[in-house]
Number of protein chains: 2
Amino acid sequence: MSNEPNARMRGIDRAVAILEFLKARRRPVSIGDMARALGAPRSSVYEIVGRFVEAGILETDQDNSVYFGRSVYFYADAYLESQPLVRLGRDEAIRLSRATGETTQLCMLVANKYTVAFMHPGSSLFRISSETGVLVPIPWTASGRLLLGGMTDDEIKELIPPEDFWLPDGREIKFKDFIKDVRDACKQYRTVTSGLSDPYTMCLAAAIRDQHANPAATICFMVPANTDAHRRDELLNLLSASADALSQRLSHLAN
Amino acid sequence: MSNEPNARMRGIDRAVAILEFLKARRRPVSIGDMARALGAPRSSVYEIVGRFVEAGILETDQDNSVYFGRSVYFYADAYLESQPLVRLGRDEAIRLSRATGETTQLCMLVANKYTVAFMHPGSSLFRISSETGVLVPIPWTASGRLLLGGMTDDEIKELIPPEDFWLPDGREIKFKDFIKDVRDACKQYRTVTSGLSDPYTMCLAAAIRDQHANPAATICFMVPANTDAHRRDELLNLLSASADALSQRLSHLAN
DNA sequence: AAGTTTTGTCCGATATACTGGACACGCTGT
DNA sequence: ACAGCGTGTCCAGTATATCGGACAAAACTT
């Protein structure tokens, strides 16, 4: 906004700058460092941080470094709760878990990342790999592919940070291959990937669409990678049926 | 703070008030309503909301109602990463729900109130709907008693507002009795209360301790009040085991 | 132990952010 | 058509929040 380096600034603007800075740093920062990095007066930063700590939006650790506090966690919870498809999808996920005994997840995009909005564990001993609420690079997941269905190649390239195409094990996903996956997945509004984020897990996913038939979320099963083809198809059909029902209810709500 | 009703206020203070208001309302609110509810000038609220929308901290829906936006989700992701207690506790709660079919909660104190930080529904039809992030008087809950374990009687008296000792049904909890509950609960790092905040619910809780053996959070089951003693003890043992394991991992991480 | 940097707190001056009010517009019900 | 209400934008005045600088104490360096 202002090109003057040390112009007087509004508290709000400083506040937003502080939050964005902490988000970028991803670790607690001392107030001195923060003031230096933001080019802001130390006294102003003390003032704003103090107010945010009082509100629980930031917290100070034992070294008086500041980082995000509990309140932002509760705000985020409220945010998810406000998404209608999370409310509907959660009940459906629970129902599917009970019917099949499998671990069911409801997944969506948040800006340029993928996240598990809700999860219900199955009855099998097969362990749970992903936590809810954690942001994951989109190319690491089956659902991520489905969720990009409404976008053009260029939009996808724009959206995803280049580093997200490297899997945790060091392999790179080629953009061309990725786009092909995306298009294949979207033809049937479903997809299967095996051994992607970890080698023992297979992920089955079906897309829930909004009123414009664009993918808005996915509902998925996490099953062992060695699950046989018959069981796999049976589960996929269940997912598709649930996704279709949810899509319909969602479009209905939008009117 | 200020007792003047319409005194001029700092942007930051208005900003925090807006966020807290949205958290309490738990639904999108029009700017007009917000200004009225906060006793703030409309023009000021437009100003601040506009800045927050620009930053993605708030979002406007099709009716121009405002609610939390994507950015808070990213902030919360950063927070979770920095808080092993919440991160590990959530996983453990999900695991316990799966193992028992019961509704499991992770609870903590926020200043002088008690709150549910995470909840995972059980498979039984008995559905308890306490929302996460809602602040509740400490004496209304079983977990609240456990969480005060590290404090002296005087500190507890200082912390809890007198009105919090009145239950929703109008009964009063005597301070002496409450302290006795607290001390009893802490001997074993676990507690049971029945029919406290509502008559049909029993709450079983075990304390997760930090490296100084002070309670940092509780992990609990919400079960019907008529659950038999054998089942109750079985569940309590599971909670204790989980709490002990989490306490150990936390102390280990703190070094 | 002296020198250097960083940290937390305080304070007066002034640039300006916040406020109140005015205005135009789009509703809704009569 | 008209009145009544809510919404979004704009503006000028002034109460005050922000800033820079000063200070002591703490935390490192040499």
Take atom [atom1] of [X] and atom [atom2] of [N], then tell me their distance rounded to the nearest Å.
X: A:Ile12; N: D:dA17; atom1: CD1; atom2: P; answer: 13 Å
X: B:Met34; N: D:dG8; atom1: CE; atom2: P; answer: 11 Å
X: B:Arg14; N: D:dT16; atom1: CZ; atom2: P; answer: 12 Å
X: A:Gln62; N: D:dA27; atom1: CD; atom2: P; answer: 14 Å
X: A:Met9; N: D:dT18; atom1: CE; atom2: P; answer: 12 Å
X: A:Asp63; N: C:dT7; atom1: CG; atom2: P; answer: 11 Å
X: B:Ile48; N: D:dA17; atom1: CD1; atom2: C1'; answer: 13 Å
X: B:Asp13; N: C:dA17; atom1: CG; atom2: C1'; answer: 13 Å

Less than 3.5 Å apart, which donor and acceptor atoms pair up between the side chains of residues 22-30 of chain A and the rest of the protein, not counting sequence neighbours?
unit_1, atom_1, unit_2, atom_2, d
A:Arg26, NE, B:Glu81, OE1, 3.3
A:Arg26, NH2, B:Asp77, OD2, 3.2
A:Arg26, NH2, B:Glu81, OE1, 3.1
A:Ser30, OG, A:Asp33, N, 3.2
A:Ser30, OG, A:Asp33, OD2, 3.4

Below 4.0 angstrom from OP1 or OP2 of C:dC18, is there any side-chain N or O of A:Arg10?
yes

Nucleotide nearest A:Glu47 when distance is taken to its side chain, options C:dG21, D:dG20, D:dT18
D:dT18

Tabulate protein N/O versus nucleotide N/O from nucleotides 3-6 of chain D, keeping only pairs under 3.5 Å, one per line.
none

Any idea how B:Tyr73 and A:Tyr79 line up, ring-wise: parallel (<30°), tilted (30 to 60°), or perpendicular (>60°)?
tilted

Sequence-distant partners of [X], salt bridge (Lys or Arg N to Asp or Glu O under 4.0 Å), two or more places apart:
X: B:Lys157; result: none
X: A:Arg87; result: none
X: B:Asp13; result: A:Arg51, B:Arg10

Which residue, A:Asp33 or B:Ser43, contacts DNA chain C at a nucleotide closer to its 5' end, judged by nearest heavy atom?
A:Asp33

Of B:Pro41 and A:Asn64, the one whose closest DNA chain C nucleotide lies more 5'
A:Asn64

Salt bridge (charged side-chain N to carboxylate O under 4.0 Å, His left out) contacts touching residues 142-151 of chain B (sequence neighbours left out)
B:Arg145-B:Asp181

Can A:Asp91 and A:Arg95 be counted as an ion pair, charged N to O under 4.0 angstrom?
no

Kindly say whether, by distance alone, the side chain of B:Arg42 makes a donor-acceptor pair under 3.5 Å with the base of C:dG20?
no

